[in-house]
Amino acid sequence: MHVKVVTGDITEIEADASIVNLFEGVGQPGGATGAVDRALDGAISRLIESGEIKGKLGDVALIHTLGRMRTARVVVAGLGKQPEFALDKVRQVVAEACRFLRKKGARRVATITHGAGVGGIEPEQSARAIAEGAILGLYTFRKHITRDPETSDLEELLVVERDESRVGQLERGCRYGTIVSEAANMARDMINEPANYMTPSNMAEAARQMSADYGLECTVLEREQMRELGMGALLGVAQGSHQEPRFIVLHYRGDPGSQKAIGLVGKGITFDSGGISIKPSEGMAEMKGDMAGGATVMAALSGIARLKPRVNVTALVPATENLPGGAALKPGDVVKAMNGKSVEVVNTDAEGRLILADALCYARRLGLSPLVDVATLTNACRIALGKVCTGAFTNNQELVEKVIKAGQEAGERVWQMPMYEEYKEQNKSDVADIKNTGGRFGGAITAAQFLGEFVEDTPWVHLDIAGTAESDKEKGYLVKGATGVGVRTLVGLTLALAEEQA
Ligand code: BES
Ligand code: MN
Ligand code: ZN
């Protein structure tokens, strides 16, 4: 779907439908909604008076214009209570309105710039949120469904603006919103793909395709090269599967004169059965999404490549299955990571930290800094924060605050968790330098502390997206399945870091 800015009057635009809005409790609509109300001889204010339109957040009311306007339908989208209004509400409201209009068969839809009037939002931000809400909210994954869809896609969303001087800002917002949400949808596509279609090799193939499409550099390490590098933890996890592991490296070079580069590392377990410490079969299918972190950093790089900030970024994705084959790691086995540290594998289901250990060592070898890793790492994080926030863990307060801020601007909530030394006690092993689980208590934190052993003093943030990577319902701009969480945060963070350097 295309989102574009057009100059004109919302009451005169030609489209299948127009989206206007209303704050809860407002009796007489103003601004663009007021203009539409007048064009409709007061239909909106009368429906407010009769209590049919209330403006509650997420409400959509449909009015047929019956020849009084060039658009056949007007949707009045509720923005909720004005004091509670925020940018993310624009994304949510536009998503709901677009899905509603898709069901009605609309193809070409016009919208006003929600929140840019009395809502107090910058026009550029509003346009960005409109594009994000529409593109994320209309996402579907139908690749494996052969029957025809019941609804056709929205083709065009027109952001209508009367004031010529605002068009430049609106266009910038639309462009940014389109790029980052298309990137998030790319991550969603990869994550939603069944594990038999998204093997480590398929993931590497997707990386190569991406590098060709967006002008990135791509290298893929195979088992033998991992062995030469001493990636014993990653190879340990891979040895239970017939699928070959892959270590994906993607470079974006926006500042070729500089040696510095940001490192984004993503967990790429294309299926997590738990290995010999096998998971219960109920819910195991969900573990096709255990490569969400890897998909996130890859997709973020595609967005970065389109926005072209002046900075270098490298994405690293250790990709393997975690299966209980005859050669699989066994509880009690000891493996050696790339930095020489030995790890006792107490539980083969704590595989994410093993593959990330080697990936973080490799990131340091490449001199990448700062480092951000993204992983569906622990159920403990999902228990602690639910599906609302991503957990953040760090050795650098300044960096985590930038990540949290980038998340806030993207509408992705990030909550910092503690990293007190005392937790490290739980990771101590009697037979190796460290063990791969610290027990049930504080499980998300001990997992993060484990990763911390491999980043040493490099500024680093670990994002645990176990709770936020998937949605079980359609709500706002989320649909059932993968959310693509983290992509927009990482793109925003990269742009902010680039700006700082300049
Ligand atoms: N991929 C899982 C974590 C996970 C669980 C993500 C549920 C999304 C939803 C991870 O590899 C895992 O199995 N973690 C274990 C660690 C434990 C054995 C220390 C967990 O959280 O139970
Ligand atoms: Mn696991
Ligand atoms: Zn896992």
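Nothing here was measured: the structure is a model prediction, and the numbers come from that model. Scope of the values below: all heavy atoms of this structure, side chains included, with no hydrogens, waters or symmetry mates. Residue numbers count from 1 along this sequence. As the structure lists them, so they are numbered: ligands from 1, and atoms in each ligand from 1.
- A distance-only check finds no donor-acceptor pair linking the side chain of T296 to the backbone of G266 [under 3.5 Å].
- For the residue pair T468/T390, the side-chain donor-acceptor check at 3.5 Å is satisfied.
- Relative orientation of the Y197 and H144 rings is tilted, given thresholds of 30° and 60° on the angle between their planes.
- In this structure, E409 pairs ionically with K405, as a charged nitrogen and a carboxylate oxygen lie closer than 4.0 Å.
- Counting heavy atoms from C-beta outward, N202 and T199 have side chains that approach closer than 4.5 Å.
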key: Derivation and outcome, salt bridge (charged side-chain N to carboxylate O under 4.0 Å, His left out), residues E286 and R382   = CA-CA 14 Å; E286 202 190 316; R382 192 160 69 154; 3.2 Å; yes
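- Within 4.0 Å of ligand 1, heavy atoms belong to protein residues K267, D272, K279, E286, M287, D290, N347, D349, E351, R353, T376, L377, T378, N379, R382, T437, A466.
- Protein N/O/S atoms nearer than 2.8 Å to the Zn ion (ligand 3) total 4.
- At a cut-off of 3.5 Å, with distance as the only test, a side-chain donor of Q397 or E401 sits close to an acceptor on the other residue.
- Annotation for R142 and P149: closest pair NH2-N, 3.4 Å, computed over non-hydrogen atoms.
- Protein atoms of type N, O or S found under 2.8 Å from the Mn ion (ligand 2) total 4.
- Here SG of C361 is found 6.5 Å from CE of M338. Values are rounded to the nearest 0.5 Å.
- By the 30° and 60° cut-offs, the orientation of the rings of F450 relative to F454 is tilted.
- By the salt bridge (charged side-chain N to carboxylate O under 4.0 Å, His left out) test, D290 pairs with K267, sequence neighbours left out.
- Using a 4.5 Å heavy-atom cutoff, the side chains of L136 and R488 are in contact.
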inquiry  = Applying salt bridge (charged side-chain N to carboxylate O under 4.0 Å, His left out) to D358 and R365, what does each step give before you reach the verdict?
reply    = CA-CA 10 Å; D358 279 329; R365 178 79 59 89; over 6 Å; no
